[in-house]
Amino acid sequence: MMSSMVLSPPLSGLSHSKLVTNSNKYSYSPSKAHCIYFSNKISLESSSKSSFIHGDFTFPSPNLSTFVSKSSSSNIITAQTSPLGEHVIYDFQAKEKRRGLSLSCFREKVVLIVNIPEQGSIWTESQYELLHYLYDNYKSQGFEIAAFLYNKKETDKAGSKNAQKAPSGGQLQIKASRFRIFDKVRINGRRAHPLFVHLRSKFGIGEAITTEFHKFLVDRNGVPYKSFGLDTPCNVIEEEVKHLLLEDAD
């Protein structure tokens, strides 16, 4: 949980003009090539205390005591090898426009996974500016963003000190998004989507993600690499994205 909140966090390293995210001039249709859709219902709930089932995959319940390495700012967390072994994001499914989709559509891409409140929030404008800046500048090099809608009340409840009334207009930014946005999921609690259960475990976040627009950076092999809090500056995230793109360029 962040110790302080600033209503307009600076996007360090940005020199471009402010992006207008509620304009109709943007219409992004992600390529569906290499994406595998499923007609079967996707199970999102834990099946027992020892394992859970997600589509055709069964996973052990995450061990939330995974060892991680935190930066001095405590906003960035580096993933470590899980005692449960490695699962890659390609093992999971999600829903896009109510159709089941394998996340293998992101194979060989550097991916930034982010939870976006469907109601909008005080952070929506600045965070969409950050996300569109990264997407527009690095998509040609193999960078993708996988955004998941969720109910803002989940993080308001987990981090009640930072709860803020959501302004109107959240749906406009979602519709104007140029990156891929998946259907609404739960990110915390017993019924959380297994992808977020895995990510929380991988980074030792514990029982709950406490802020909107929390970001998880994944390498080209589908392995979670870094976790960024809401107030992590854009230039810090950008450096890590460039690092993975250059590291895996060969």
Say whether, by atom type as modelled, one donor and one acceptor occur between the side chain of Asn151 and the main chain of Glu154 under 3.5 angstrom.
-> no
Rounded to the nearest 0.5 Å, how far does CD of Glu238 lie from CG of Leu245?
-> 10.5 Å
Are the aromatic ring centres of His193 and Phe92 under 6.0 angstrom apart?
-> no
Thinking salt bridges, do Arg99 and Glu96 make one under a 4.0 Å N-O criterion?
-> no
Before accepting this row, confirm whether a basic side-chain N of the pair Asp136/Arg178 lies closer than 4.0 Å to the acidic partner's carboxylate O.
-> yes
Would you check if the side chain of Gln119 reaches a backbone N or O of Lys152 as a donor-acceptor pair within less than 3.5 Å?
-> yes
Answer yes if the ring centres of Phe106 and Tyr90 are under 6.0 angstrom apart, and no otherwise.
-> no
Within the 6.0 Å centroid threshold, strictly below: Phe228 and His214 = no
What is the distance from atom OG of Ser201 to atom CD of Glu207, rounded to the nearest 0.5 Å?
-> 10.5 Å
What one should report as the nearest heavy-atom pair of Ala147 and Phe179 is CB-CE1, 3.7 Å
Asn188 (side chain) donor-acceptor with Thr210 (main chain) under 3.5 angstrom | no
Could you tell me whether the side chain of Arg200 and the main chain of Ile187 form a donor-acceptor pair under 3.5 Å?
-> yes
Checking Lys139 side chain against Asn137 main chain: does a donor-acceptor pair fall under 3.5 Å?
-> no
Which distance, rounded to the nearest 0.5 Å, do you find between the OG1 of Thr124 and the CD1 of Ile116?
-> 8.0 Å
Side-chain donor or acceptor of His198 paired with backbone N/O of Pro194 under 3.5 Å | no
CG/Leu217 to CG/Leu244 distance, rounded to the nearest 0.5 angstrom?
-> 5.0 Å
Find the distance between SG (Cys234) and CD (Glu129) and round it off to the nearest 0.5 Å.
-> 8.5 Å
Looking only at heavy atoms, which two atoms of Glu212 and Asp156 are closest? And how far apart?
-> OE1-OD1, 4.4 Å
Enter the distance from Lys202:NZ to Ile89:CD1 here, rounded to the nearest 0.5 Å.
-> 12.5 Å
May I ask you to decide whether Arg220 forms a salt bridge with Glu108, counting only side-chain N to carboxylate O separations under 4.0 Å?
-> no
Would you call the rings of Phe203 and Phe216 parallel, tilted or perpendicular, where under 30° means parallel and over 60° means perpendicular?
-> tilted
Phe196 meets the ring pair (Phe, Tyr, Trp, His ring centres under 6.0 Å) criterion, sequence neighbours left out, with Phe148
